[in-house]
Amino acid sequence: MRNLKRLSIEIQVLQRIYGYQNVTFSKDAEWIFIKNFKLPNGKYNMNSCSVLIIVPENFDDAEVTECYVDKNLKW
């Protein structure tokens, strides 16, 4: 089961960094969506993109391994 207390704290940090209007998430924190995720300068064809993060069920013991980015993003 996802540690919703920990995820709530992490989501609040993301909202402060990217803006409350740019971070949305499911009620069970199964996924987190970030608009305007900043990318390193000069590495990609975009300055920012949208990111969908799939939060693993055992998030406390496992790292995030699945995320999706804007389909137009290129290295």
message: List the residues meeting side-chain hydrogen bond (donor to acceptor under 3.5 Å, both in side chains) with Ser26, not counting sequence neighbours, and say none if there are none.
response: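 If we apply the side-chain hydrogen bond (donor to acceptor under 3.5 Å, both in side chains) test to Ser26, skipping adjacent residues, the hits are Asp28.
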- prompt: Does anything in residues 32-59 pair up under salt bridge (Lys or Arg N to Asp or Glu O under 4.0 Å), and if so which pairs, sequence neighbours excluded?
  reply: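 Checked against salt bridge (Lys or Arg N to Asp or Glu O under 4.0 Å) - neighbours excluded - the pairs reaching residues 32-59 are Arg2-Glu57.
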Can you tell me how far [atom2] of [Y] sits from [atom1] of [X], rounded to the nearest 0.5 angstrom?
{"X": "Asn3", "Y": "Phe59", "atom1": "CG", "atom2": "CZ", "result": "8.5 Å"}
{"X": "Cys49", "Y": "Leu73", "atom1": "SG", "atom2": "CG", "result": "5.0 Å"}
{"X": "Asn36", "Y": "Asn47", "atom1": "CG", "atom2": "CG", "result": "10.5 Å"}
{"X": "Ile11", "Y": "Phe25", "atom1": "CD1", "atom2": "CZ", "result": "4.5 Å"}
{"X": "Ser48", "Y": "Phe37", "atom1": "OG", "atom2": "CZ", "result": "10.0 Å"}

Flag if over 12 foreign heavy atoms under 6.0 Å of CG, Asn41: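 Counting neighbours around CG of Asn41, 12 or fewer heavy atoms of other residues, nucleotides or ligands fall under 6.0 Å, so no.
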query: Looking only at heavy atoms, what is the nearest atom pair of Pro56 and Ala62, with distance?
result: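 Heavy atoms of Pro56 and Ala62 come nearest at CG-O, 4.2 Å.
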Shortest non-hydrogen contact between Asn72 and Asn45, atoms and distance: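 Minimum heavy-atom contact is O-ND2, 3.0 Å.
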field: Residue pair Ile34, Leu14: steps toward the side chain to side chain contact (heavy atoms under 4.5 Å, CB included) verdict
entry: CA-CA 8 Å; Ile34 305 170; Leu14 289 171; 4.1 Å; yes
task: Sorted by first residue and then second, give each side-chain hydrogen bond (donor to acceptor under 3.5 Å, both in side chains) pair with at least one member in residues 9-18; sequence neighbours left out.
output: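 Qualifying pairs: Arg6-Glu10, Ser8-Gln12.
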task: Please test Val23 against Ile17 for side chain to side chain contact (heavy atoms under 4.5 Å, CB included), starting from the C-alpha separation and ending with a verdict.
output: CA-CA 10 Å; Val23 178; Ile17 293 170; over 6 Å; no
field: Under 4.5 Å side-chain linkage, directly or through intermediates, the cluster mates of Tyr20
entry: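 Answer for Tyr20: none, a lone residue.
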field: Other cluster members, Ile54 - Ile/Leu/Val/Met/Phe/Trp/Tyr, side-chain contacts below 4.5 Å
entry: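 Under the 4.5 Å side-chain rule, Ile54 groups with Trp31, Phe33, Leu52, Tyr68.
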message: Could you work out, with side chain to side chain contact (heavy atoms under 4.5 Å, CB included) as the rule, every residue matching Ile9, not counting sequence neighbours?
response: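 Applying side chain to side chain contact (heavy atoms under 4.5 Å, CB included) to Ile9 gives none.
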